[in-house]
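Beneath this line is the structure, given in structure tokens, with notes to follow.
Proteins come first, then strands; the chains are lettered A, B, ... in the order of their sequence lines, and each starts at number 1.
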Amino acid sequence: MQIRITIIMLTTIILLAACVPARQLEERGVINTRGVDIAEDSSNQIETTIISYQFDAESEEITTTLSGTGHTIKGAREDASTEAGFILSPGQIRLELYGKEAAQKGILPYISSAVRDARVSDTMLLAVTNTSAKEILTEGQGELSLNTGQYLQYLIEKEIEEDSFPSTYLHDFTHIESDVGHDPVMPIIDLVENKPKISGIALFQDDKYVDEISLQEGYLVNLFQNTTTSTPLDISIPIKPFLKYIEKNQDINEDDELHLHVTIERGKSKTKMPNVQDMHFDTTINIDLFLLETSKLMSVDNEHVATLLEKEIEKAFTRQYETLFAKLQKAGTDPFGLGKIYRARQRDSNLTNEEWRKKFPDVTLNVNVNVKLTNYGTIQ
Amino acid sequence: MRKSRKSDSKSIFPLKIEQLKEIITSKFENNTDLSFSTYEHLNKKIAVFYIPFQVTPEKAENLLLKPLLESKVEWTAASILNEIPLSSGKTTTKLEVILEDLINGHVFIYVEDEDAVAFYPMLNIEKRALAKAETESVVIGPQVAFTESLITNLNIIRWRIRSTDLVLEKITIGKRAPREVRLIYLKTIANETDVNTMRQRLQDLEVDETEDSNVLMQYIEDSSTSIFPQFYSTELPDRASYAISKGRVGVLVENSPTAILAPSTFFSFFESTEDLYMRWNAGSFLRILRFFAMLVSVFLTPMYVATITFHYEIIPPQLLVSIGQSRAAVPFPPIFEALFLELMIELLREAGARLPTKVGQTIGIVGGVVVGTAAVQAGVTSNILIIFVTLSALASFTVPSYLMGTAIRTIRFPMIILAGILGIIGIMFGICFILIHLLKLTSLGRPFLTPIYPFRFEDHNKVLIRLPQNFQWKRFASFQPKNLIRFQKRKADKKKDIDE
């Protein structure tokens with residue numbers, strides 16, 4: 001009996017083995033980074049630019065850049081693979097870049113292709129490029145010793161690690177995108193002197209790229225939603241209140257700004273909606289920060305200066321939030337996720353994205369920032 | 001069987017010396033070793049016969065022949081026993097006993113026309129001295145190992161467990177070449193069913209002979225077809241006495257340097273007595289390390305094969321390039337590459353085991369270093385795989401039981417093949433297969449995977465994590481010892497130090 005079962009099992013395994021396509025690592029071109037653009041010549045075609053590893057004992061070069069066009073992502077990939085002696089496999093994509101034009105048309109079709117493919121990792125990074133993705137990936141190489149894709153990954157991952165902007169992994173994007181009353185953001189990659197760089201944060205309305213904010217504002221968006229730790233930040237405050245604490249013999253104008261470099265040790269926010277009818281939100285943000293550097297030599301040796309600094313930084317933050325929120329309302333996108341809070345406050349809410357878009361411009365937001373200067377280091 | 005045959009036979013005495021000599025030499029035809037000498041003493045003929053190399057000759061001469069011939073007593077079978085100052089004398093009338101005990105190193109004295117023959121054990125057992133344990137060597141704790149002499153082994157056990165409860169039951173196994181086997185247990189602690197089962201299995205065994213305790217073990221194990229040993233075979237007396245004192249049953253076989261311990265669980269094969277001698281935290285760490293090593297040993301190479309062949313997406317991106325580059329030079333599919341390297345390691349191990357120690361070391365260096373590096377440079381294997389194979393070979397040697405270690409090494413091969421044809425699904429298939437098998441296994445009728453399955457919470461302070469000694473106030477409950485409580489925890493905890 002046992003022998004019979006064993007024989008049946010073994011035959012099953014051997015027969016089933018044919019169902020699993022075996023393709024060894026070195027026979028594959030493992031895609032590392034993929035760029036998606038609208039094809040230049042015909043607007044309903046996609047052009048992908050692929051940076052892939054190919055393992056060949058003979059050649060030193062392990063990465064190659066390929067491109068192809070097609071009506072679907074996978075079609076474009078097949079087209080690209082005609083250039084390569086390897087089978088292009090998407091299992092190790094770490095970064096997907098969307099060209100500006102493609103992002104403005106909506107990236108959901110591309111995202112869903114990635115989500116459907118079980119081999120594609122959920123922790124793939126997404127980003128938008130200021131030009132076309134192809135340009136970034138091909139011309140961005142420049143003098144970089146790493147391949148551009150890898151370089152960009154490290155760049156974006158480092159910023160996410162520092163909480164400089166909300167994390168833009170595939171699963172974050174799909175989650176936020178499908179939430180009602182919450183819009184995703186993504187970093188924008190641009191070429192500066194032939195070197196790719198994060199130039200700002202792209203605002204999305206659902207899956208469409210609509211507007212752009214600065215990196216600093218990207219941090220504000222992140223702080224609004226998440227608890228942030230150890231984020232380096234530059235803040236500018238008016239110099240006037242600090243004149244008497246600043247060391248003499250410095251060339252100072254009263255209208256100058258005092259630039260501070262701080263580390264936000266811990267930032268936490270809480271948003272409440274006291275009254276559903278009047279569409280008003282109250283946000284309290286608590287920030288603990290270390291002061292690392294000031295643009296003018298000054299001494300922070302008594303409590304008075306520290307409180308003064310705290311107050312001015314609070315004001316600066318509030319001001320920045322006000323401008324940012326006005327910008328967001330103008331663009332009609334809600335990366336703060338206020339709609340989510342609104343929806344949660346209502347019983348049996350069937351809020352749709354369209355309804356929230358109509359309501360969003362009338363929303364008022366009051367941001368109350370509490371800054372605590374926990375450490376001013378060795379600045380004299 | 002043999003006993004009943006003995007009682008049936010009739011006495012062959014009284015006889016003339018010549019007759020006796022004829023009978024005995026006829027039974028020992030072509031055996032020139034038998035020493036049969038006749039003496040005259042007070043007008044009586046006395047025959048002394050034995051097999052010289054089975055007997056200590058000085059003993060026979062000084063203790064038997066001297067008093068026998070110098071004394072003025074008139075010898076009869078009864079007076080020999082009375083007058084010769086040796087306590088172990090016996091008489092017999094049966095030919096079978098004479099023949100059997102001649103082989104077993106007895107000296108026989110027959111006075112002509114008496115109706116019994118007297119005999120004394122003057123055994124000359126050649127044995128080696130006690131030595132350090134080789135296969136189960138330990139760093140701290142007792143180093144001595146069992147030897148081939150049953151008497152020495154029994155002596156060691158007795159000295160280690162000086163309890164009147166200790167029972168050393170004698171059972172003889174083998175029809176053609178009978179061999180003495182001892183069933184050892186503590187009668188107030190060992191579970192009676194276990195003892196009875198073991199005794200039954202030993203007594204019911206009808207074989208011509210048993211070569212060694214490891215052979216006997218295979219006869220009496222619950223599943224003789226399984227790849228896993230179900231009884232623990234150890235050469236360490238402290239391990240044996242520890243198990244026996246906790247209520248398990250031990251079996252010692254004559255001429256075998258290993259003891260059988262039963263029942264055993266799967267986990268007990270990964271325990272070393274060293275874990276007990278270490279501090280509890282270090283002991284627990286080592287034990288967990290060994291389990292981890294077992295998993296590494298079984299799964300590391302199959303995982304390599306599976307990921308390279310099917311699941312390249314789970315390779316960490318930092319490793320991807322180096323694995324890919326070193327694989328690119330290899331002309332074989334990963335499954336053959338892995339099988340080739342694993343076989344090579346097994347070859348080295350086997351060669352090392354067969355060769356004398358000094359040569360073995362050289363072979364290890366030549367094989368490991370030279371062949372390893374050369375294989376990578378020649379593009380036969382990838383360097384990542386060399387690391388994996390070496391690691392898993394090393395890991396398999398951490399198992400204290402050599403038998404279990406070998407079983408684990410053997411399992412790796414079907415796992416690699418499964419991984420090569422079905423990927424991780426194949427590995428999962430293999431895991432399920434092994435797990436089902438382990439769940440079905442029993443050791444002396446007790447589940448092999450206890451205390452994990454069936455789950456027994458109270459035993460978990462002894463399995464993966466060994467809690468401090470004073471927490472171990474219960475014996476291993478899964479084996480249902482007669483007396484579960486070892487000591488009162490409260491009393492053991494109390495330290496009666498004098499406060500200054």
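More than 12 heavy atoms of other shown residues, nucleotides or ligands fall within 6.0 angstrom of atom NE2 in H171(A). Dense packing is recorded around CZ of F455(B), with more than 12 heavy atoms of other residues, nucleotides or ligands lying under 6.0 Å away. No more than 12 heavy atoms of other residues, nucleotides or ligands shown are found within 6.0 angstrom of CD1 on I3(A). Counting non-hydrogen atoms of neighbouring residues, nucleotides and ligands closer than 6.0 angstrom, the CZ atom of F433(B) reaches no more than 12 such neighbours. Atom CZ of F336(B) has 12 or fewer neighbouring heavy atoms from other residues, nucleotides or ligands inside a 6.0 Å radius.
Proximity to chain B at a heavy-atom threshold of 4.5 Å picks out R119(A) from residues 119-135 of chain A, in numerical order. Proximity to chain B at a heavy-atom threshold of 4.5 Å picks out I62(A), S89(A), P90(A) from residues 62-90 of chain A, in numerical order.
Across every non-hydrogen atom of G324(B) and E26(A), the tightest pair is O-CB, 4.4 Å. Among all heavy-atom pairs drawn from R28(A) and T309(B), the shortest one is NH2-O, 4.4 Å.
One N or O on the side chain of Q92(A) and one on the backbone of I315(B) form a donor-acceptor pair closer than 3.5 Å. Using a distance-only test at 3.5 Å, with no hydrogens or angles considered, no donor-acceptor pair links the side chain of Y312(B) to the main chain of V30(A).
From E313(B), atom CD reaches atom CD1 of I93(A) across 11.5 Å, with rounding to the nearest 0.5 Å. In this structure, the separation between CG on L320(B) and CZ on R94(A) is 8.0 Å, given to the nearest 0.5 Å. Rounding to the nearest 0.5 Å places OG1 of T12(A) at 6.5 Å from CZ of F429(B). The CD atom of Q318(B) sits 7.5 Å away from atom CD of Q150(A), with the distance rounded to the nearest 0.5 Å. In this structure, I308(B) CD1 and E27(A) CD are separated by 11.5 Å, a value rounded to the nearest 0.5 Å.
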**Request:** Take L25(A) and F310(B), measure what side chain to side chain contact (heavy atoms under 4.5 Å, CB included) needs, and give me the verdict at the end.
**Result:** CA-CA 8 Å; L25(A) 177 64; F310(B) 298 98; over 6 Å; no
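In this view, Y232(B) and F269(B) satisfy the ring-ring contact (aromatic ring centres under 6.0 Å, His included) rule, not counting sequence neighbours. Taking F479(B) as the reference, F476(B) meet the ring-ring contact (aromatic ring centres under 6.0 Å, His included) condition, with sequence neighbours excluded.
Only the side chain of L418(B) comes within contact range of chain A, judged by heavy atoms closer than 4.5 Å.
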